[in-house]
Amino acid sequence: MRERITKLLELWFLQEEALFKVFCSHDLVENNLMKCPIRTGKGRIEYNSELIREMSDGALEEAMRTEAVRILLKHPYEPKPDGCCQQAIAIGSNLVVGDN
């Protein structure tokens with residue numbers, strides 16, 4: 001799986017400089033215990049190789065692009081409002097990234 005991600009990052013190096021830099025600023029870590037294909041936070045980009053294996057190259061690129069945009073918007077790093085549910089924060093982030 002890491003090879004697929006590396007191949008995409010090599011393409012981004014030439015075509016998507018901002019997204020490439022975002023991925024270079026974080027540690028890429030395999031985490032097969034999580035229930036989503038890819039997520040960001042705490043200076044890490046975690047991926048579930050079992051879930052990524054089932055994704056097409058296009059779907060993988062879209063998932064990686066979404067996480068890079070989240071980082072650019074500082075969604076995983078902004079202070080959370082008091083009393084706000086983590087699920088509501090995740091849905092809000094999905095709406096912002098997905099709709100824009």
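Values reported hereafter were calculated over all heavy atoms of this structure, with side chains retained and with hydrogens, waters and symmetry mates removed. Position 1 is the first residue of the sequence, and the numbers go up from there. Not measured: the values here are computed from a predicted model.
Ionic pairing of R70 and E67 is present here: one or more N-O contacts between side-chain nitrogen and carboxylate oxygen are shorter than 4.0 angstrom. A salt bridge links E17 with K21: the distance from a Lys NZ or Arg NE/NH1/NH2 to an Asp or Glu carboxylate oxygen falls below 4.0 Å.
Within the 4.5 Å cutoff, the side chain of E46 has heavy atoms near those of the R39 side chain.
Taking CD1 from I38 and CG from N31, the interatomic distance works out to 11.5 Å, rounded to the nearest 0.5 Å. Taking CG of L8 as the start and CD of E16 as the end, the distance is 9.5 Å to the nearest 0.5 Å. Here the CG-OG1 distance, from D27 to T40, works out to 13.0 Å after rounding to the nearest 0.5 Å.
Panel note: side chain R4, backbone I52; a donor-acceptor pair is recorded below 3.5 Å. N48 places a side-chain N or O within donor-acceptor distance of the main-chain N or O of M34, the cut-off being under 3.5 Å.
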Set out, in order, the CA-CA distance, both residues' side-chain angles and the distance that settles side-chain contact (heavy atoms from CB on, under 4.5 Å) for M64 and Y47, then state yes or no. CA-CA 10 Å; M64 289 177 58; Y47 65 95; over 6 Å; no

List the steps and the verdict of side-chain contact (heavy atoms from CB on, under 4.5 Å) for L9 and L19. CA-CA 9 Å; L9 290 175; L19 301 180; over 6 Å; no

Check against salt bridge (charged side-chain N to carboxylate O under 4.0 Å, His left out), R65 and E61: CA-CA 6 Å; R65 181 181 306 276; E61 179 176 9; 2.9 Å; yes

Test L51 against N32 for side-chain contact (heavy atoms from CB on, under 4.5 Å), laying out the working first. CA-CA 8 Å; L51 296 178; N32 289 333; over 6 Å; no

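Follow the hydrophobic side-chain contacts under 4.5 Å out from L60 and you reach L14 in the same cluster.
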